[in-house]
Number of protein chains: 2
Amino acid sequence: MKRPTIADVARRAGVSKGAVSYALNGQPGVSEATRQRILAIAAEIGYSPSSAARALSGATANAVGLALCRPARTLGIEPFFMELISGIEAALSARSYALTLQVVADQEAEIAVYRRWWAERRVDGVFVCDLRTHDPRVPALETLQLPAVVIGGPGHTGNLASVWSDDAAALVETVEYLGALGHRRIARVGGLPSLLHTEIRTDAFDQVCRRLGLDGAVTVWSDYTGEEGARATRRLLSSATRPTAIIYDNDVMAIAGLSVAQEMGLSVPGDLSLVAWDDSPLCQLVHPPLTALGRDIPAYGAHAARQLLAVIAGDPVTGLQDETAHLTPRGSTAPPRER
Amino acid sequence: MKRPTIADVARRAGVSKGAVSYALNGQPGVSEATRQRILAIAAEIGYSPSSAARALSGATANAVGLALCRPARTLGIEPFFMELISGIEAALSARSYALTLQVVADQEAEIAVYRRWWAERRVDGVFVCDLRTHDPRVPALETLQLPAVVIGGPGHTGNLASVWSDDAAALVETVEYLGALGHRRIARVGGLPSLLHTEIRTDAFDQVCRRLGLDGAVTVWSDYTGEEGARATRRLLSSATRPTAIIYDNDVMAIAGLSVAQEMGLSVPGDLSLVAWDDSPLCQLVHPPLTALGRDIPAYGAHAARQLLAVIAGDPVTGLQDETAHLTPRGSTAPPRER
DNA sequence: CTGAAAGCGCTTACAG
DNA sequence: CTGAAAGCGCTTACAG
């Protein structure tokens, strides 16, 4: 089947190719009647402008890129990324933008991908996930002048636009809630310590525990996998002064932790309260269902997409604070049982 | 920062643009010494050919498309798709192909996306997931002559290439195993009944149960969500002749089923054995860990990607049978307890 | 082995 | 409001 071109539409409509271009792009230069006729003919013969030709004539690529730097196993098991991508995608396709995805091994490879995308003019902009302090991707993107939106923060984003959520506030709310239930020894199983949001949560955790005088507070780090979450939990629960409550940096680790507690003969929430960060449907599938910190991740992705399109359009864009995660108490938290 | 073009490389190397093109694409027409010099200069100034210009001059778009027709919530929670995408991506990026992703609402919208991608010359080929019998996407793609690989089957793929796994065999193995343990009343919580692989599994289930004389065999359908999996399980376990074993069409439903069994006071595996299809890490996070049917999903995606690249290259490609899922027995299956 | 040139299908000033 | 033309950055026959 031969693909229709702008010339086919022009011939049928009895106008020049330029007129067709103006009509399709909503530019002035054609009468409304002509525009309608041209649009009808384009629809009739199934014409869509070649993205290559369009991109080559200086217009945009109509595509944005997302490079993910996580191994396949954590990508697969964490609902977060797929939900984020769904949200990004929904906002992009509403504006007929395509999403180009690439999985990379490390930050260096990620920067190389940005450079290639830029040189190939393949994308008009990119999303940056898993921000770190002193993140080399930020200056690299600034140098390339490739439009970008950081999904994360606040701070450490240089001149790049960003979308972020107040993790510190969510963590403080959680600790205060556990404190109000009567917990004095609260532990936290954090995510990768190199990620900015892990650092933000850790700092907030230390501060609020100090403020509430909870000196049994301890953070151990993990990598978001169930295996590591289980190992960290086993270590915490084997200590002489074991915690009565644990906060996990994702839901997969929390579910693994629940399993470990049951295997060690502890009752949840009687002997141990558990809180998961990221309230995916998984949290309600286990027994007892997990108290969790949740927010609308697809919406977060959609906001990031709209920010990126604004940056590409040249609008002045800075940081956008998204909804703060809220705590949904379920069966995994209760006052600590006296020992 | 200005993007380097082929002219910049040609000027520096003191050759024509044509020569640079030949050198970069590994075509004859330049001496090996010149080729090396040109490649070195390209690398030095960070040159990558504009994908738009390349696509416009009749070469390929160097991108393939994947349209996913699932709501955000099941996409997020099912590790399957993200693992598949990881595998596809790894095989594609090894050949510097980009993956374009789009989430669509239904099959009609999906066909419209294919048509648009084709008209825009945005992709060189596409992957087709969630195959149905009499799937309208198959003739649509045949008409467009857009290279495609169906991820699923066997059968019902028209002239399109495909990658598939023998679900019938895996299901038979599972039922025979449960039968050998002594189970006589086996139920199955299936996925969406409209999907081909659900049909294949259902037929295989009916046949093997008949062959083994298990007349309590029953299949109920679901939509892969935990909620529906829980509801289906509750219904099955409330029946007077409740099953002693249940096979689930994905792991999320199996985990929900485990939770329901526990909530109803049944012990797993004492009163009820459970088997999950799709052996993601989730299966080992619950208590007891789930017996599951698993296979290497990233590899499945990688095979599909290599098939698609072969179709695009014009190689003769037909159906490729991938590994059959194998059963990993864990704590959720045992002989039924006498009642 | 190399160079000059046409052409891919658009967009966008520039004349009319 | 419309048409003719240049130009985006490649690839690929076609001469030399």
Side-chain angles (χ1 to χ4, degrees), chain A residues 1-39 41-42 45-63 96 116-124, chain B residues 1-39 41-42 45-63 96 116-124:
Chain A
M1 211 166 143
K2 202 189 156 302
R3 293 177 175 87
T5 69
I6 198 170
D8 299 321
V9 179
R11 200 178 321 111
R12 286 233 199 184
V15 298
S16 70
K17 296 191 296 173
V20 175
S21 176
Y22 289 139
L24 261 61
N25 295 312
Q27 305 270 18
V30 286
S31 69
E32 193 48 37
T34 310
R35 185 192 307 280
Q36 290 306 333
R37 195 158 50 85
I38 290 172
L39 289 178
I41 290 171
I45 68 175
Y47 170 73
S48 295
S50 153
S51 57
R54 193 171 241 179
L56 191 54
S57 358
T60 59
N62 273 304
S96 356
R116 185 165 55 76
W117 279 346
W118 169 83
E120 292 179 345
R121 295 154 176 75
R122 201 182 266 281
V123 300
D124 298 324
Chain B
M1 210 167 144
K2 204 192 155 299
R3 293 179 175 85
T5 70
I6 198 170
D8 298 322
V9 179
R11 198 176 323 111
R12 286 234 198 181
V15 298
S16 69
K17 297 192 294 173
V20 175
S21 176
Y22 290 139
L24 261 62
N25 294 311
Q27 305 270 16
V30 286
S31 69
E32 194 48 37
T34 309
R35 184 191 308 280
Q36 291 307 333
R37 195 157 49 85
I38 290 172
L39 289 178
I41 289 170
I45 68 176
Y47 169 74
S48 294
S50 152
S51 57
R54 191 172 243 179
L56 191 54
S57 2
T60 60
N62 274 303
S96 353
R116 185 164 55 74
W117 278 347
W118 170 81
E120 292 180 347
R121 294 154 177 75
R122 200 181 266 282
V123 301
D124 298 324

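Chain letters run A, B, ... following the sequence lines, proteins first, then strands; residues in each count from 1.
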**Asked** Are any non-hydrogen side-chain atoms of B:Arg54 and B:Asn25 less than 4.5 angstrom apart?
**Response** yes
Measure the spacing between [atom1] of [X] and [atom2] of [Y] and express it to the nearest 0.5 Å.
X	Y	atom1	atom2	value
A:Tyr47	A:Ile41	OH	CD1	13.0 Å
A:Leu56	A:Ser51	CG	OG	11.0 Å
B:Ile6	B:Ser21	CD1	OG	5.0 Å
A:Trp118	B:Ser48	CH2	OG	9.5 Å
A:Asp8	A:Arg3	CG	CZ	13.0 Å

**Asked** How would you give the extent of chain B contacts on DNA chain D, as first and last nucleotide 5' to 3' within a 4.0 Å heavy-atom cut-off?
**Response** D:dG9 to D:dA13
**Complete:** When both distances are under 3.5 Å in a Watson-Crick or G-U wobble arrangement, the nucleotide paired with D:dA4 is none
**Request:** Look through every strand shown and name the nucleotide pairing with C:dA13 as Watson-Crick or G-U wobble, where both distances are under 3.5 Å.
**Result:** none
**Message:** Contact list please: residues 9-20 of chain A against DNA chain D, heavy atoms, distance less than 4.0 Å, in numerical order.
**Reply:** A:Val15, A:Ser16
**Request:** Quick one: list whatever passes side-chain contact (heavy atoms from CB on, under 4.5 Å) with B:Ala19, sequence neighbours left out.
**Result:** B:Val15, B:Ser16, B:Val30
**Message:** If you assign B:Pro28 and B:Ala119 each to the DNA chain C nucleotide with the nearest heavy atom, which residue ends up on the more 5' nucleotide?
**Reply:** B:Pro28
**Asked** When you match B:Leu56 and B:Gln27 each to their closest nucleotide on DNA chain D, which lands nearer the 5' end?
**Response** B:Leu56
**Message:** Heavy atoms only, 4.0 Å cut-off, all strands: where does B:Ser21 land among base, sugar-phosphate and nothing?
**Reply:** base
**Asked** Do you know which two heavy atoms are closest between B:Ala23 and B:Arg35, and how far apart they sit?
**Response** O-NH1, 3.2 Å
